[in-house]
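Everything below concerns the one structure shown next.
Keep in mind the model is a prediction, meaning the values are calculated, not measured.
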Amino acid sequence: MSREPRSWLFVPADSEKKIARALESAADALIFDLEDSVAPSEKARARDILRGLPARSGGPQWWVRINPLRTEEHRLDLELLGSADIHGLVLPKAESGADITELAHRTGSIPIHAIVTETAASLFGLLSYRDVPSSPLAAMSWGAEDLSAALGAASKTDGKGRLTFPYQLARTLCLAGATAAGVQPIDGVFADFRDEPGLIDEALDAARDGFTGKLAIHPAQVAPINAAFTPTDEQILHARSIVDAFAADPSAGVLSVNGRMVDKPHLIQARRTLDRAGD
């Protein structure tokens with residue numbers, strides 16, 4: 001798959017039924033979860049299920065959410081490497097770039113997707129991901145549920161269902177930290193998988209803000225997420241017009257395109273739009 005994943009679908013690694021459904025979905029990336037959605041007594045069986053998945057060619061990327069650093073389950077999870085068709089690892093409870101360095105020392109160059117806002121301390125380390133040498137970091141996403149528990153919050157939303165300030169801050173810091181590190185910023189989960197209009201609104205807002213994908217917890221969320229993070233024909237045409245205009249006049253600082261003045265920041269954004277479209 002040439003473009004960056006838009007939809008990242010979580011699936012409990014101990015449920016063969018849910019894995020089968022996820023494999024039939026149109027998700028760009030599957031995250032086989034060995035952490036929160038798998039009971040301690042089922043983690044060994046979940047690893048065995050992943051080892052037994054058949055080899056394949058093409059299709060979605062396969063990622064595994066391992067258990068947090070410095071736990072016994074984490075060490076056992078890493079034994080999966082080399083015995084399953086794994087594209088990358090999802091690291092929960094990441095607190096700084098030092099955690100990426102620690103994991104990379106054990107796993108080499110395998111891509112890492114870090115969930116970076118699940119503890120109170122993590123909110124102070126978002127810029128540090130930029131400074132990891134030879135980093136295999138590929139994506140950063142944020143999580144509200146674990147952070148809410150860590151902060152002792154009664155709720156993460158207000159009376160109108162909107163995220164309160166601590167979680168808006170976590171989301172913004174994840175976006176800025178991922179962009180500074182040059183990796184893919186991924187928006188967090190939308191918990192009510194039956195509320196498709198709500199999911200669409202949230203995904204479109206995330207795409208507008210600069211996120212390039214979103215976590216999903218149900219196959220029904222995949223299609224709306226893919227649509228939200230796929231540039232429209234109109235956006236692609238406008239982006240191509242900007243790129244073509246600067247290609248024709250590379251010394252220009254400002255140009256008129258379709259009756260609007262555009263400059264180099266517009267060119268950068270246009271190139272990103274075309275990249276996301278696979279153009």
Quick one: closest heavy-atom pair of [X] and [Y], and the distance?
{"X": "Ala144", "Y": "Tyr167", "answer": "O-CE2, 4.1 Å"}
{"X": "Ala13", "Y": "Ile19", "answer": "O-CD1, 3.8 Å"}
{"X": "Cys174", "Y": "Leu126", "answer": "CA-CD1, 4.0 Å"}
{"X": "Met140", "Y": "Ala181", "answer": "SD-CB, 4.5 Å"}
{"X": "Ala139", "Y": "Val183", "answer": "N-CB, 3.9 Å"}
{"X": "Ala207", "Y": "Ala228", "answer": "CB-O, 3.6 Å"}

Note, [X] side chain near [Y] side chain (heavy atom, < 4.5 Å):
{"X": "Leu123", "Y": "Thr117", "result": "yes"}
{"X": "Leu34", "Y": "Leu50", "result": "yes"}
{"X": "Leu173", "Y": "Phe124", "result": "no"}

Separation of [Y] [atom2] from [X] [atom1] (nearest 0.5 Å):
{"X": "Ile268", "Y": "Thr273", "atom1": "CD1", "atom2": "OG1", "answer": "12.0 Å"}
{"X": "Thr212", "Y": "Glu4", "atom1": "OG1", "atom2": "CD", "answer": "5.0 Å"}
{"X": "Glu73", "Y": "Leu78", "atom1": "CD", "atom2": "CG", "answer": "11.5 Å"}
{"X": "Asp131", "Y": "Ser96", "atom1": "CG", "atom2": "OG", "answer": "10.5 Å"}
{"X": "Thr230", "Y": "Ile225", "atom1": "OG1", "atom2": "CD1", "answer": "11.0 Å"}
{"X": "Ile217", "Y": "Asp192", "atom1": "CD1", "atom2": "CG", "answer": "8.5 Å"}

Q | Chi angles and distances behind the side chain to side chain contact (heavy atoms under 4.5 Å, CB included) call for Ile236, Leu274 | A | CA-CA 6 Å; Ile236 293 169; Leu274 296 180; 4.0 Å; yes
Is [Y] paired with [X] through a side-chain N to carboxylate O contact shorter than 4.0 Å?
{"X": "Glu24", "Y": "Arg21", "answer": "no"}
{"X": "Lys43", "Y": "Glu72", "answer": "no"}
{"X": "Arg47", "Y": "Glu79", "answer": "no"}
{"X": "Asp205", "Y": "Arg208", "answer": "yes"}
{"X": "Asp158", "Y": "Arg162", "answer": "yes"}

Can you get from [X] to [Y] by hopping between Ile, Leu, Val, Met, Phe, Trp and Tyr side chains that sit under 4.5 Å apart?
{"X": "Val189", "Y": "Trp8", "value": "yes"}
{"X": "Leu215", "Y": "Val222", "value": "no"}
{"X": "Phe229", "Y": "Leu175", "value": "yes"}
{"X": "Leu69", "Y": "Val38", "value": "no"}
{"X": "Tyr129", "Y": "Leu91", "value": "yes"}

Can you tell me if Asn67 and Thr71 form a side-chain donor-acceptor pair at under 3.5 Å?
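Thr71 and Asn67 do not have a side-chain donor-acceptor pair below 3.5 Å.
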Inter- and intrachain pairs under ring pair (Phe, Tyr, Trp, His ring centres under 6.0 Å), touching residues 188-219, at least two apart:
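Checked against ring pair (Phe, Tyr, Trp, His ring centres under 6.0 Å) - neighbours excluded - the pairs reaching residues 188-219 are Phe193-His218.
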Under 3.5 Å, side chain of [X] to main-chain N/O of [Y], donor-acceptor pair present?
{"X": "Ser122", "Y": "Ala94", "result": "no"}
{"X": "Asp249", "Y": "Leu255", "result": "no"}
{"X": "Arg45", "Y": "Asp14", "result": "yes"}
{"X": "Gln61", "Y": "Ala29", "result": "no"}
{"X": "His238", "Y": "Gln235", "result": "no"}
{"X": "Glu42", "Y": "Ala39", "result": "no"}
{"X": "Glu16", "Y": "Ile49", "result": "no"}
{"X": "Ser135", "Y": "Val132", "result": "no"}

**OP:** Test side chain to side chain contact (heavy atoms under 4.5 Å, CB included) on Val262 and Phe246 and set out the steps.
**Re:** CA-CA 10 Å; Val262 297; Phe246 277 98; 3.9 Å; yes
Salt bridge (charged side-chain N to carboxylate O under 4.0 Å, His left out) contacts touching residues 177-191 (sequence neighbours left out):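 The answer is Arg171-Asp187, Asp187-Lys214.
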Requested in this report: Quick one: do Ile31 and Leu9 satisfy side chain to side chain contact (heavy atoms under 4.5 Å, CB included)? Show the steps, please.
Outcome: CA-CA 6 Å; Ile31 303 175; Leu9 176 61; over 6 Å; no
Tell me, yes or no, whether the heavy-atom count around Gln168 atom CD, taken from other residues, nucleotides or ligands under 6.0 Å, exceeds 12.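 Count over threshold, so yes.
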Practice prompt. Please say which of Leu89, Asp77, Asp36 ends up in a side chain to side chain contact (heavy atoms under 4.5 Å, CB included) with Arg65.
Written response: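 The option that passes is Asp36.
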*asked:* Test side chain to side chain contact (heavy atoms under 4.5 Å, CB included) on Glu202 and Leu199; report intermediate values, then the result.
replied: CA-CA 5 Å; Glu202 186 170 283; Leu199 169 65; 5.6 Å; no
Between Trp63 and His87, is the ring pair (Phe, Tyr, Trp, His ring centres under 6.0 Å) condition met? List the steps.
CA-CA 6 Å; Trp63 295 69; His87 178 88; 5.3 Å; yes
Can you give each donor-acceptor pair under 3.5 Å made by side-chain atoms of residues 97-113, sequence neighbours left out, with the distance rounded to 0.1 Å?
| unit_1 | atom_1 | unit_2 | atom_2 | d |
| --- | --- | --- | --- | --- |
| Asp99 | OD2 | Glu95 | N | 2.8 |
| Thr101 | OG1 | Gly97 | O | 3.4 |
| Glu102 | OE1 | Arg70 | NH1 | 2.5 |
| Glu102 | OE2 | Arg70 | NH1 | 3.0 |
| Glu102 | OE2 | Arg106 | NH2 | 2.9 |
| Arg106 | NH1 | His74 | NE2 | 3.3 |
| Thr107 | OG1 | Leu103 | O | 3.0 |
| His113 | NE2 | Ser141 | OG | 2.8 |

